Amino acid sequence: MHAVTASDEITPQSPTFNISEQEVLQQFENQLDPCRPESGVMPATVVACGEVSAVLTLKALPDRVCKRMSGFETESQVHSYIALVKRYCQTLESIGVDVVPTRFASVKAPVGGFTVYLTQPALPGTELGNDILKNGTDEALFFVVAGFLENAEKIFSFNHTNPDNILIAADSQISNWHVTKDTIRLLDVATPCIRKGTTDLFDSTIIGKAMPLPVRFIFNRLGMMQRYFDSYFCPREIILDHLANYIKEGRPDRIKITLDFIHSWIEENGHHLKLQRKITIKEIKSFYQKDVVLLEAFLQCRRLDRFIRTGVMKKTYNYILPGKISRF
């Protein structure tokens, strides 16, 4: 791996050099302060933050969006992770689930270990599912929802019929889909939801490292990480998650018409998405409330952990956390 130091910085306008994506990301990582990603000689714009990842844009890579994944201790872990994400994407594509093309760059982290960047083309915001939820017509929204359900049907059909006992899943939130006039494509593949029987092939300790030790102990003790992944393999849970996300996106008013559409679609087309009973608005709100409480508690614990590490222990904290989040 070639490391580029901050002193080697090359501006993208320079005609003299051809700096690779790998080198740009290594250079960015070398100078990054995760507590202040917008600062430094290569400031980033934070587009979004997940529980263990951050989506960034860089001026040096104007046509790419970069998802930063931390927590890798060895090159072997990195290679296994990248190979698994590639396998996950290939499996999805093989059953007709389109995935936004994704490239990978593994860079050395200054604090030790490695960081993996998953990069994708920068796409128009108006073509993302959550923008259509907020601003699109009912017809446009139903196109997105139908695409999500069609892909879910393909996934659960594969899970029920493939002879190798391989199971896959996908994050159902509406912001994870890129929409064109003809199709929708899955954006978020950074957490590869793929199992052999009941065994997750993704090393969940990578996620666990983002948690403060006491929280990690509680999560492991109560089996919460396992339950988190289990929810992706349950048709009812992914539909609840999809609709509950409308609250966070500020459009709870569109839940009712979408829920009616989903029930009708499943009745006609959803052989592998059959529900024992219809989903209710009350159930969606309850699902969201529980999710919010857990995510907010997790975030506050991480903020406290960051304060202790950086403010008290004077160490580096290697995760980018979101600012104030409006969850209602």
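Every value quoted in this text rests on a predicted model; they were computed, and no experiment measured them.
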Check: Gln300/Glu296 side-chain N/O donor and acceptor closer than 3.5 Å: yes

Set of residues satisfying salt bridge (charged side-chain N to carboxylate O under 4.0 Å, His left out) with respect to Arg64, sequence neighbours excluded: Glu21

Partners passing salt bridge (charged side-chain N to carboxylate O under 4.0 Å, His left out) against Lys290 (at least two apart in sequence or in another chain): none

Pairwise salt bridge (charged side-chain N to carboxylate O under 4.0 Å, His left out) hits with a residue in residues 120-130, at least two apart: none

Of all pairs that satisfy ring-ring contact (aromatic ring centres under 6.0 Å, His included), the ones with a partner from residues 160-193, not counting sequence neighbours: His160-His272

Any pair counted as side-chain hydrogen bond (donor to acceptor under 3.5 Å, both in side chains), so long as it reaches residues 190-201, sequence neighbours left out: Arg195-Asp200, Arg195-Asp230

Which residues share a ring-ring contact (aromatic ring centres under 6.0 Å, His included) with Tyr228, sequence neighbours left out: Tyr232

Worked check of side chain to side chain contact (heavy atoms under 4.5 Å, CB included) between Leu56 and Phe28: CA-CA 11 Å; Leu56 313 169; Phe28 171 71; 3.8 Å; yes

Members sharing Leu321's hydrophobic cluster (side chains within less than 4.5 Å): Tyr317, Tyr319

Connected hydrophobic set around Leu187, excluding itself, where side chains approach under 4.5 Å: Val100, Leu123, Leu128

Partner residues of Phe72 under the ring-ring contact (aromatic ring centres under 6.0 Å, His included) criterion, sequence neighbours left out: Tyr81

Pair listing, salt bridge (charged side-chain N to carboxylate O under 4.0 Å, His left out) test, anchored in residues 25-48, at least two apart: Glu29-Arg68, Asp33-Arg36

Salt bridge (charged side-chain N to carboxylate O under 4.0 Å, His left out) contacts in which one or both residues fall within residues 265-274, not counting sequence neighbours: none

Sequence neighbours left out, cut at 3.5 Å: what donor-acceptor pairs do the side chains of residues 161-168 make with other protein atoms?
| residue | atom | partner | partner atom | Å |
| --- | --- | --- | --- | --- |
| Thr161 | OG1 | Ser157 | O | 2.7 |
| Asn162 | OD1 | Asp164 | N | 3.0 |
| Asn162 | OD1 | Asn165 | N | 3.1 |
| Asn162 | OD1 | Ile166 | N | 3.1 |
| Asn162 | ND2 | Phe158 | O | 3.0 |
| Asn162 | ND2 | Ile166 | O | 2.6 |

